[in-house]
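Residue numbers start from 1 in every chain, and the chains themselves are labelled A, B, ... in the order their sequence lines are given, proteins ahead of strands. What you see below is based on every heavy atom in this structure, not just the backbone, and it leaves out hydrogens, waters and symmetry mates. Remember, predicted model here, so these are calculated numbers, not experimental data.
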Amino acid sequence: MPKSPNMGKNLTTRSEDYSKWYNELVVKADLAENSAVRGCMVIKPYGYAIWEKMQAELDRMFKETGHENAYFPLFVPKSLFEAEEKNAEGFAKECAVVTHYRLQNDPDNPGKLRVDPAAKLEEELVVRPTSEAIIWNTYKGWIQSYRDLPLLINQWANVVRWEMRTRLFLRTAEFLWQEGHTAHATKAEALEEAQLMNRVYAEFAENFLAMPVIQGTKTESERFAGADETYCIEALMQDGKALQAGTSHFLGQNFAKAFDVKFTNNQGKQDFVWATSWGVSTRLMGALIMTHSDDNGLVLPPNLAPHQVVIVPIYKGQEQLEAISQVANEIVKDLRMRGISVKYDNRDTHKPGWKFNEYELKGVPLRIGIGPKDLEKRTVELARRDTLTKEFVAKDEVVDRVALLLQEIQEALYTKAKNFRDSHITTVNTFDEFKEVLENKTGFISAHWDGTSETEDKIKELTKATIRCIPMDAEQEEGTCVYSGKPSPQRVLFAKAY
RNA sequence: CGGGUAGUAGCUUAGUCCGGUUAAAGUGCUGGUCUGGGGGACCAGAGAUCGGAGGUUCGAAUCCUCUCUACCCGACCA
């Protein structure tokens, strides 16, 4: 039985210090660590395996909706970058810039290198913070006719945003993501694309991350620079702070005009194309961690767990291990036939108790323990990570039971997160209530807003809360702004955010 | 990028204020024996030029200067 609340794993608990809990968990569960470069992380194999599972599913969904993958350069010539003014302005403060292309031995410091002052680039290269510029410059050459449209392309890439304050997965100077960039003949089609991809994100978040999200649109001040409309999925973390988990932008004709991407329509007339872009990043790893994990470590939904099941033998001596391994290997084989990923940990270098803690820390959804008593009774011990409950199951029934439980866990995690989220959406009608809920209860606050940036800014200044989104499914409801008292047609969601 | 705090063995830390033998502990690591149903016990051993670079001094983990990194608070941001 547990000796300490988190069974000696020595994790800071969420109630002690949520932020510290997160930082420790990422490192201790072997997901990622800081590197020698400020703000840049090393994603470790276990963390990368989860990311690969996210990628695989998203990639499948993108392809099912007609998209193809391509790859564009890391560097963007400054002249291209600045072409779409609003976008350039939005990212300017956080761009890394390549100015030289050669190093040389430093004559003043033997054994050291310096930048060769003679190797200055004619034109500086911006390390992409996002790829609209290089992509639209390329699309110009690909699109002449409405027959070339729609152009539906995605790329998996890294991007760099020189962040001042970074956190593993949540905000790093370099991160991995996918960015979809599409071109369409009509405004309606581009709008539909942007909304479709936001729905794809929502579906992915709910079915794979087991993370409930609110779909909505961003206000002008939260909108992507260069977009006419930004759709988003917003999730709520266990500490009551909101996290933007994905965005999809309707770019209008802004980039088409900036990069002169015209096509001839079926009436023989020239027009600018309509564009979208959409992305999710390794930030989803942070969302995943903060949605489900507990004081014992990571809790992974079965649909994303690198190992859905781990088998731990409990034995004295080689003879017992061999007898147990025989049973374990049968189970491994049967589980794999059912498409369930399983790891048999027969290492003799760690004791069972140590392994239990290790796999709990790493969030493996189900653990099977097999010992001599189980051999006698032809049973196994089955332990659930999410509830920390155990049961004994007949060996012959274990595969069916595991399959069922994995499904159940996936659903239970979603339900638990959804209950938490739903119970943390509070409707308020006065600014005092607003502040009180934000301070004590936290979470989303549903309130009327007069639609102006001034009010939004003022509320942010006073409370640190921002408008996370105008929910898609919001009812039209006449009311008065919670801050200014001016008329408002519907409620929006406020929260403190990551 | 501004304000604050901290960097000592793989990790967590003591020592720093007040400079002085061989830099200490827990954990982890290696070997061995006993063990084995929730991070085992005992014995033995290896492991740090004290974040880095300069400086002061007979002598620096300790004092001074610069710098790098992490964390917290702001501004900024997915």
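Under the side-chain hydrogen bond (donor to acceptor under 3.5 Å, both in side chains) criterion, Lys44(A) pairs with Asp30(A), not counting sequence neighbours.
In the set G74(B), G36(B), G38(B), the nucleotide with an atom closest to the side chain of Lys464(A) is G74(B).
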Determine all donor-acceptor pairs shorter than 3.5 Å in which one atom belongs to a side chain in residues 239-249 of chain A; sequence neighbours excluded.
| residue | atom | partner | partner atom | Å |
| --- | --- | --- | --- | --- |
| Asp239(A) | OD1 | Lys241(A) | N | 3.2 |
| Asp239(A) | OD2 | Tyr498(A) | OH | 2.6 |
| Gln244(A) | OE1 | Lys218(A) | NZ | 3.0 |
| Thr247(A) | OG1 | His249(A) | NE2 | 3.4 |
| Ser248(A) | OG | Ala194(A) | O | 2.6 |
| His249(A) | ND1 | Thr230(A) | OG1 | 2.8 |

Atom pairs and distances, donor-acceptor, side-chain atoms in residues 361-375 of chain A, under 3.5 Å, two or more places apart:
| residue | atom | partner | partner atom | Å |
| --- | --- | --- | --- | --- |
| Arg367(A) | NH1 | Glu360(A) | OE2 | 3.4 |
| Asp374(A) | OD1 | Thr379(A) | OG1 | 2.9 |
| Asp374(A) | OD2 | Gly371(A) | N | 2.9 |

Report, one line per pair, each donor and acceptor closer than 3.5 Å where one atom sits in a side chain of residues 312-321 of chain A; sequence neighbours left out.
| residue | atom | partner | partner atom | Å |
| --- | --- | --- | --- | --- |
| Tyr315(A) | OH | Asp348(A) | OD1 | 2.5 |
| Gln320(A) | OE1 | Lys316(A) | N | 2.6 |

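One can place CH2 of Trp162(A) at 17 Å from C1' of A78(B), the figure rounded to the nearest angstrom. Residue Asp457(A) contributes atom CG, which lies 14 Å from atom C1' of A75(B) at whole-angstrom precision.
At A75(B), none of the side-chain N or O atoms of Lys93(A) fall inside 4.0 Å of OP1 or OP2 (strictly under the cut-off).
Donor-acceptor pairing under 3.5 Å, judged by distance alone, is present between the side chain of Lys390(A) and the base of G38(B). No N or O donor and acceptor, one from the side chain of Gln320(A) and one from the base of G36(B), sit under 3.5 Å apart. On a pure distance criterion of 3.5 Å, no polar donor-acceptor pair joins the side chain of Lys316(A) and the base of U35(B). Remark: the Lys351(A) side chain and the G40(B) base include a donor-acceptor N/O pair separated by less than 3.5 Å.
The list of salt bridge (charged side-chain N to carboxylate O under 4.0 Å, His left out) pairs with a residue in residues 159-169 of chain A, not counting sequence neighbours, reads Glu163(A)-Arg171(A).
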Filtered N/O pairs between nucleotides 67-72 of chain B and protein, under 3.5 Å:
| residue | atom | partner | partner atom | Å |
| --- | --- | --- | --- | --- |
| A70(B) | OP1 | Gly39(A) | N | 3.1 |
| C72(B) | OP1 | Ser19(A) | OG | 2.6 |

